[in-house]
Amino acid sequence: MTAAAIAETGHSIDTLARLEALFGTPGEASLSKEVPYVHPSYRAMIEASPFAVLATTGPGGLDASPRGDPPGFVQVLDERTLLLPERRGNNRVDSLRNIVADPRVALLFLIPGVGETLRVNGRASITTAPDLMERFVVGGQPPKCVVRIAVDTVYFQCARAILRSRLWGPVDPAAPRPVPTPGAILSAISQSFDGAAYDQALPERQRTTLY
């Protein structure tokens with residue numbers, strides 16, 4: 001069904017009035033949990049998180065990119081400033097290209113075993129200041145740069161999405177992989193690509209280039 005056909009049926013939610021009529025008003029807790037700084041309770045969540053999704057926007061569109069390291073890899077410089085190390089990767093630097101063009105960013109922090117997630121909105125800049133780079137050295141390797149985020153809003157998200165997805169449920173290590181391997185995906189997209197060789201070399205390459 002096309003967008004025009006959906007609109008003609010009267011089922012399209014295309015105005016704020018229709019949207020608010022569908023969902024109603026947010027509860028008091030949904031509004032009071034949002035603050036313009038890193039509250040100590042939210043700092044505890046950031047320091048416990050080993051994984052976050054960084055969302056950016058730029059001339060080429062939107063981007064959401066995973067970031068991960070040991071818990072606390074995103075550092076709280078002060079209650080209004082976060083520091084995110086940018087480690088080596090595939091050199092696409094989609095997120096960084098966007099930040100250069102548009103500083104608005106969002107972070108979603110996940111904590112294994114915890115249903116609640118943490119959402120941060122702010123404005124980012126990229127730096128190679130030596131004192132900040134030194135904060136993130138691992139195995140003698142500094143990050144490529146540091147993303148400094150000026151915090152605008154912070155609030156936690158309730159656990160419903162995690163509970164519905166059973167994200168932290170046990171996984172049988174003997175269960176077959178449910179999706180194609182990276183090599184298989186690359187071979188399917190570009191049939192001249194040697195996916196088997198790529199998959200065979202990938203674990204060692206990831207191990208030796210992690211930092």
Side-chain angles (χ1 to χ4, degrees), residues 16 33-40 42-112 116-157 161 182-183 185-186 189-190 193 198 201-202 205-211:
L16 286 178
K33 65 185 178 183
E34 181 178 334
V35 293
Y37 64 96
V38 181
H39 185 277
Y42 291 158
R43 179 172 187 150
M45 296 181 73
I46 293 171
E47 292 176 344
S49 173
F51 184 85
V53 177
L54 172 66
T56 60
T57 185
L62 304 175
D63 183 72
S65 180
R67 296 290 187 274
D69 244 333
F73 76 102
V74 175
Q75 295 184 12
V76 181
L77 184 63
D78 56 54
E79 67 176 15
R80 296 184 183 275
T81 312
L82 300 181
L83 301 175
L84 168 66
E86 183 69 22
R87 303 293 184 189
R88 62 185 299 173
N90 58 18
N91 294 331
R92 285 181 57 107
V93 295
D94 296 315
S95 299
L96 302 185
R97 292 177 188 275
N98 281 350
I99 288 170
V100 168
D102 188 329
R104 293 176 297 170
V105 299
L107 281 166
L108 176 68
F109 290 93
L110 283 80
I111 306 167
E116 289 73 28
T117 55
L118 188 71
R119 299 170 63 168
V120 177
N121 298 318
R123 290 154 289 112
S125 59
I126 304 167
T127 179
T128 56
D131 60 322
L132 298 184
M133 298 281 281
E134 289 171 4
R135 299 171 70 106
F136 298 100
V137 172
V138 175
Q141 295 294 325
K144 300 293 286 186
C145 60
V146 174
V147 178
R148 182 174 180 145
I149 300 168
V151 172
D152 288 332
T153 60
V154 189
Y155 58 99
F156 77 89
Q157 185 78 29
I185 294 172
L186 289 166
I189 294 172
S190 176
F193 193 89
Y198 183 90
L202 184 58
R205 183 165 68 253
Q206 289 179 331
R207 185 188 68 79
T208 57
T209 61
L210 202 56
Y211 291 97

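Only this structure's heavy atoms are used, side chains among them; waters, hydrogens and symmetry mates stay out.
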- [ ] Nearest 0.5 Å please: distance from the CD1 atom of Ile99 over to the SG atom of Cys145.
- [x] 8.5 Å
TODO: Take atom NZ of Lys33 as the centre, draw a 6.0 Å sphere, and report whether it contains more than 12 heavy atoms from other residues, nucleotides or ligands.
DONE: yes
- [ ] Hey, could you give me the CZ/CZ distance between Phe109 and Phe51, rounded to the nearest 0.5 Å?
- [x] 11.5 Å
TODO: Answer with yes or no whether the side chains of Thr57 and Asp102 bring together a donor and an acceptor at under 3.5 Å.
DONE: no
TODO: Compare all side-chain heavy atoms of Leu107 with those of Ile149 and state whether any distance is below 4.5 angstrom.
DONE: yes
- [ ] Give me the ring orientation class for Tyr37 and His39: parallel if the planes are under 30° apart, tilted from 30 to 60°, perpendicular past 60°.
- [x] tilted
TODO: Answer with yes or no whether the side chains of Asp69 and Tyr211 bring together a donor and an acceptor at under 3.5 Å.
DONE: yes
TODO: Starting at CZ of Arg104, measure out to CG of Asn98 and round the result to the nearest 0.5 Å.
DONE: 10.5 Å
- [ ] Find out whether Leu202 and Pro182 are in side-chain contact, i.e. whether some heavy atom of one side chain is under 4.5 Å from a heavy atom of the other.
- [x] yes
Task: Which atom of Gly122 lies closest to which atom of Asp152, heavy atoms considered - done: CA-OD2, 3.5 Å
TODO: For residues Leu132 and Arg148, report the shortest heavy-atom separation together with the two atoms involved.
DONE: CD1-NH1, 4.1 Å
TODO: Using only heavy-atom distances, determine whether the side chains of Thr117 and Arg119 contain a donor-acceptor pair under 3.5 Å.
DONE: no
Open item on the list: Working note: Ser95 + Arg97, criterion side-chain hydrogen bond (donor to acceptor under 3.5 Å, both in side chains); need CA distance, chi angles, decisive distance, verdict.
Closed with: CA-CA 5 Å; Ser95 299; Arg97 292 177 188 275; over 6 Å; no
Task: With Phe193 via ring pair (Phe, Tyr, Trp, His ring centres under 6.0 Å) - residues at least two apart - done: Tyr198
Task: More than 12 heavy atoms of other groups within 6.0 Å of Arg92 CZ - done: no
- [ ] Kindly indicate whether the side chain of Ile46, heavy atoms from C-beta on, has any atom under 4.5 Å from the side chain of Val38.
- [x] yes
Distance-only criterion, 3.5 Å: show the donor-acceptor pairs between side-chain atoms of residues 74-85 and protein atoms not counting sequence neighbours.
residue : atom : partner : partner atom : Å
Gln75   : OE1  : Arg135  : NE           : 2.7
Gln75   : OE1  : Arg135  : NH2          : 3.0
Gln75   : NE2  : Arg135  : O            : 3.2
Asp78   : OD1  : Arg80   : N            : 2.9
Asp78   : OD1  : Thr81   : N            : 3.0
Asp78   : OD1  : Thr81   : OG1          : 3.0
Asp78   : OD2  : Thr81   : OG1          : 3.4
Arg80   : NH1  : Pro36   : O            : 2.7

Task: Where Met133 and Thr127 come nearest, the two heavy atoms and their spacing - done: SD-O, 4.2 Å
- [ ] Looking only at non-hydrogen atoms, find the nearest pair between Gly140 and Pro142 and report the distance.
- [x] O-CD, 3.6 Å
